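Everything on this sheet refers to the single structure shown next.
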Amino acid sequence: HHTSRDDAGLAGAIVAIARTLGLSTVAEGVETTTQLRRLSQLGCDYAQGFLLGRPMPEADVPAFLASGGDWNLEEATAREVLAARATPTP
């Protein structure tokens, strides 16, 4: 039985290894603002998942990006995530 603390520890270790190797990180399956905030605090570079956008046909992607995308994030949450990104991690 694993816990969210285990998940956070594993994610932090993966991000640290990637940084050491000069690689970027992508978190997949992000579904909550809490997950996104924590990944941002850990220094994860990119995220994808239902929180940020639902699957769509490839043909719809250019219009989605051109429109600025409906990222499914409330403005306050987006500010919190950006603030967390600015906070140095140990």
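This is a predicted model, so every value here is computed, not measured.
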- State, with a plain yes or no, whether a side-chain heavy atom of L10 is found less than 4.5 Å away from one of D6. no
- For L51 and T32, work out which heavy atoms get closest and say how close. CD2-O, 3.4 Å
- Message: Any side-chain to backbone donor/acceptor pair from T20 onto A16? Under 3.5 Å, distance only.
- Response: yes
- Task: Not counting sequence neighbours, which residues clear side-chain contact (heavy atoms from CB on, under 4.5 Å) with S24? List them please.
- Result: D45, Y46
- Query: For A18, which residues count as a side-chain contact (heavy atoms from CB on, under 4.5 Å) partner, sequence neighbours excluded?
  - Reply: L23, T25
- Query: How far apart are the closest heavy atoms of L39 and V30, and which atoms are they?
  - Reply: CD1-CG2, 3.6 Å
- Where A8 and L42 come nearest, the two heavy atoms and their spacing: O-CD1, 4.0 Å
- Supply the atom-to-atom distance C44 SG to R19 CZ, rounded to the nearest 0.5 angstrom. 8.0 Å
